[in-house]
There are 2 protein chains.
Amino acid sequence: MGVMERVAPRRKKAIAPVEIEADRLLRGDCIAEMAKLPDACIDMIFADPPYNLQLGGDLFRPEGGRVDAVDNDWDKFDTLGSYDRFTKTWLAQARRILKPNGSIWVIGSYHNIFRVGTALQDEGFWILNDIIWRKSNPMPNFKGTRFTNAHETLIWASQGEDAKYTFNYKAMKTLNDELQMRSDWVLPICGGQERLKRNGTKAHPTQKPEALLYRVLLACTKPGDVVLDPFFGTGTTGAVAKRLGRRWIGIEREDSYIEVAMERIEAALPLDESALTIMQSAKGQPKVAFGTLVETGYLQPGTELMDTRRRWRAVVRADGSLSVGNDSGSIHKMGATLQGAPSCNGWTFWHYEAEGGLKPIDALRQTYLLANEP
Amino acid sequence: MGVMERVAPRRKKAIAPVEIEADRLLRGDCIAEMAKLPDACIDMIFADPPYNLQLGGDLFRPEGGRVDAVDNDWDKFDTLGSYDRFTKTWLAQARRILKPNGSIWVIGSYHNIFRVGTALQDEGFWILNDIIWRKSNPMPNFKGTRFTNAHETLIWASQGEDAKYTFNYKAMKTLNDELQMRSDWVLPICGGQERLKRNGTKAHPTQKPEALLYRVLLACTKPGDVVLDPFFGTGTTGAVAKRLGRRWIGIEREDSYIEVAMERIEAALPLDESALTIMQSAKGQPKVAFGTLVETGYLQPGTELMDTRRRWRAVVRADGSLSVGNDSGSIHKMGATLQGAPSCNGWTFWHYEAEGGLKPIDALRQTYLLANEP
DNA sequence: GACTAAAATGAATCTCGGG
DNA sequence: ACCCGAGATTCATTTTAGT
């Protein structure tokens, strides 16, 4: 690769997202097929690129070039260089068709993931996390010459440092028993009934488990979003997208995989809407102003509020501000001021006297929402 | 899947390994100091280079405190290109002074590890494994914007595809309760008594845990081998090398770190052989989140759950929460809410309809564990 | 001292929308 | 583009303060 300067392509002007026909499979080479799609039409890309050049690199060999097994220096340069050119080319297309607020996931192993990560950064993508898929049942290292290769790596990236992206924080936290979802995911490999077979042998050598795609799509897309998988294979991405109420576009050039994929997706059942509803992060929920609680009578002006340890006290005023001595302000501002902190969530900081002890004013907001929201 | 095409090692002629004076610290820039060392004199290199974190402004914790971030000059690079040049230069020196049968370890995070991995391959190193250090107690993501960054990555590489290297397979298997050591290692971050302090504050912002170096050195060196750490810091590598009867060379340019390191290594005691077996750190029993059962298909979203007497019913949602009417939450929270109890073990409270009657969802968890834990 | 509650802290690319 | 204010946000562990 060498010492290429970082070239961070920046979009000159805002690009309007484009609606596109989805739930379909494009037969052909992923670079050629992506090239036919319009700019900014995809909400998320999930890619599981090949890392042997038999599949991906042929196009990028020098004209008439043939690998000479003897000339090792040239072979090495050509091999890594070809793979890098292949990666750079499909990533450039991916970047073009991805919406400004979209994000991309790429999965790989140590054979190729460092090339991919470097190319992502060089193209201007901004890495948000690297995720470790920790396999609960990996294949052992039979010869005992290395550590058991028990994981694969996924990279999650946005369009740039300041780009927005979808992250369903609360849904992930819920999925993980009310603890933040971490960057290491323990999931079994794809086997058993889930593993697709053709004539008794596995239909695809690297079929990914649906549970992996389930978590990726649940975390980073909204219902109705369009998900593109440029290396579709047997269509795990499509099947899970359908199940989760997302739309999908797959690109694949092997007829045998396409056949299996379409059959599989046809048979997949969408979850009904109630099951699809995910825990909303507080961001995006209908907002309730503290003043609303006062004017609707949930909290009387004059009520005294305090922190859990009754160290500070404030009085609710008719306009929804709090007063402490001669000072007054919002629930957040007063909480921050009293603690000498840069910020404070007033909803959880302030409490009111209730039967059985102090309760946070956030409980009142929940009560209000239950009674007043559809 | 296939492996990337052969990348060949090439040494024009055999280089005779050289004996060198060890157990000493070289004060200065790592590239300049390595340049002074002869060819093929080092058995193993462990490197913890700057990560190039590119942090923005201050980050505040929810309770108000400020995160003490890495803001040292040694972690600042103008561009990705300048970081790549730095990496390529020190790796070229590392490769030169490393014996033909030696190996190299480099640790990093997603900020830099893809650059490092690419540079290693470009220099001709042959990656043997990537190892995931899964932190048992990482710092959370305070703002809820991404997945908790709960791991770091290490790359282990030999001089070339056909090069030999040291791997103490049996020692690793023993250390791991007679199971092959995997590529993911669960270890706590460095804190408590082990964390070196100066004037009450941490002596180095990124001190690595000794348990990590212990496993690396035990796996890939023999007693008496010379280990080089070009980014010595406060000398974790030297201290563990001394403990394990390996020799060490450290390179460091910050006087304050050097002072602490020398004092520390002076105080380190070599282990006698019987003590070598003590360092076990595989604590933590398998824990399964309810959401895992949903995303792995053990339980379908939409499934109805109920208590033994069918008094209460709830529906499983896609993110692993339960919904009852308009309310929703974790299996534990919903169980508690419905009963008006302060807490509830959702695993035993909730049941699903199965052949022969209701079964607790805990039975599914047991099934999952039997199938997926080694 | 013993026990309990509170505070501190770790390689972190950590808000968002309106004016 | 910047500025400002409302509002959302944390896990495991160790150390210190308090009873």
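Note that the coordinates shown come from a computational prediction; the quantities given were computed from them, not determined experimentally.
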Anything under 30° is parallel, anything over 60° is perpendicular, the rest tilted; go ahead and classify B:W185 against B:W105.
tilted
Hey, is the main chain of B:I113 close enough, under 3.5 Å, to the side chain of B:Y51 for a donor-acceptor pair?
no
Quick one: B:N137 CG to D:dT13 C1', roughly how many Å, whole number?
6 Å
Would you say B:T79's side chain and B:G81's backbone share a donor-acceptor pair under 3.5 angstrom?
yes
Residues in salt bridge (charged side-chain N to carboxylate O under 4.0 Å, His left out) with B:D255, at least two apart?
B:R27
Examine distances only and state if a side-chain atom of B:R115 and a backbone atom of B:T87 form a donor-acceptor pair shorter than 3.5 Å.
no
Base, sugar-phosphate or nothing for A:I127? Non-hydrogen atoms, less than 4.0 Å.
base
B:E295 meets the salt bridge (charged side-chain N to carboxylate O under 4.0 Å, His left out) criterion, sequence neighbours left out, with A:R215
Give one of base, sugar-phosphate or nothing for A:G335, where a contact means two heavy atoms less than 4.0 Å apart.
nothing
Contact residues, residues 316-328 of chain A to DNA chain D [heavy atom, < 4.0 Å]:
none
Considering residues at least two apart in sequence or located in another chain, which fulfil the salt bridge (charged side-chain N to carboxylate O under 4.0 Å, His left out) criterion with B:K202?
B:D68
Between A:D177 (CG) and D:dA12 (P), how many Å, whole number?
12 Å
Expressed as a whole number of Å, how far does the C1' atom of C:dG1 sit from that of D:dG18?
14 Å
For a quick check of understanding: with a heavy-atom distance under 4.0 Å over all strands, which category does B:P209 fall into, base, sugar-phosphate or nothing?
nothing
Give the B/S/- string for nucleotides 14-19 of chain D, one per nucleotide from 5' to 3', where a protein heavy atom under 4.0 Å of the base yields B, of only the sugar-phosphate yields S, and otherwise -.
SS----
Side chain to side chain donor-acceptor pair (under 3.5 Å) pairs touching residues 191-200 of chain B, sequence neighbours excluded, are B:R198-B:E259
For DNA chain C, list all stems, counting runs of three or more consecutive pairs where every pair is Watson-Crick or G-U wobble with both distances under 3.5 Å.
C:2-10 with D:11-19, C:15-19 with D:2-6
So, is the end of the B:K76 side chain (NZ or CZ) under 6.0 Å from the ring centre of B:W74 and within 45° of the ring's axis?
no
Would you measure the distance from the C1' atom in C:dA12 across to the matching atom in D:dT9 and give it in whole Å?
14 Å
Touch check for B:S109, heavy atoms < 4.0 angstrom, all strands: base, sugar-phosphate only, or nothing?
nothing
Would you indicate what B:N112 reaches in the nucleic acid, counting non-hydrogen atoms under 4.0 angstrom: base, sugar-phosphate, or nothing?
nothing
Taking side chain to side chain donor-acceptor pair (under 3.5 Å) as the cut-off, I'd like each qualifying pair that reaches into residues 322-340 of chain A, sequence neighbours left out, listed once.
A:R317-A:S328
Under-4.0 Å salt bridge between A:E304 and A:R310:
no
Reading DNA chain C from 5' to 3', where do the contacts with chain B start and stop? Cut-off is 4.0 Å to heavy atoms.
C:dT9 to C:dT15
May I ask you to say what B:D75 touches in the nucleic acid, namely base, sugar-phosphate or nothing, with a heavy-atom cut-off under 4.0 Å?
base
Starting from C1' on D:dA12, measure out to CZ on B:R134 and report it in whole angstrom.
15 Å
Aromatic rings B:H204 and B:Y257: how do their planes relate, parallel, tilted or perpendicular, breaks at 30° and 60°?
tilted
Could you grab the distance from atom CG of A:N168 to atom CD1 of A:I278, nearest 0.5 Å is fine?
4.0 Å
Can you sort out the partners of A:W350 under side-chain hydrogen bond (donor to acceptor under 3.5 Å, both in side chains), two or more places apart, ordered by chain and number?
none
Roughly how many Å apart are C:dA11 and D:dT15, using the C1' atom of each and rounding to a whole number?
22 Å
Considering only the C1' atoms, how many Å lie between D:dT10 and C:dA7, rounded to the nearest integer?
14 Å
Sugar-phosphate atoms are those with a prime plus P, OP1 and OP2; base atoms are the rest. Using that split, label each nucleotide of nucleotides 1-9 of chain D B, S or - for protein heavy atoms under 4.0 Å, 5' to 3'.
------BBB
The criterion is salt bridge (charged side-chain N to carboxylate O under 4.0 Å, His left out); which residues satisfy it with B:D229, sequence neighbours excluded?
none
Can you tell me if A:D319 uses its side chain to pair, donor with acceptor, with the backbone of A:S321 under 3.5 Å?
yes
Conformer about C1'-N of C:dT13 - syn within 90° of 0, anti elsewhere:
syn
Nearest nucleotide by nearest heavy atom, which residue falls closer to the 5' end of DNA chain C, A:K164 or B:V67?
B:V67
Same-atom distance (P) from C:dT13 to D:dC4, integer angstrom
28 Å
So B:F147 and A:F167, would you call those rings parallel, tilted or perpendicular, with 30° and 60° as cut-offs?
perpendicular
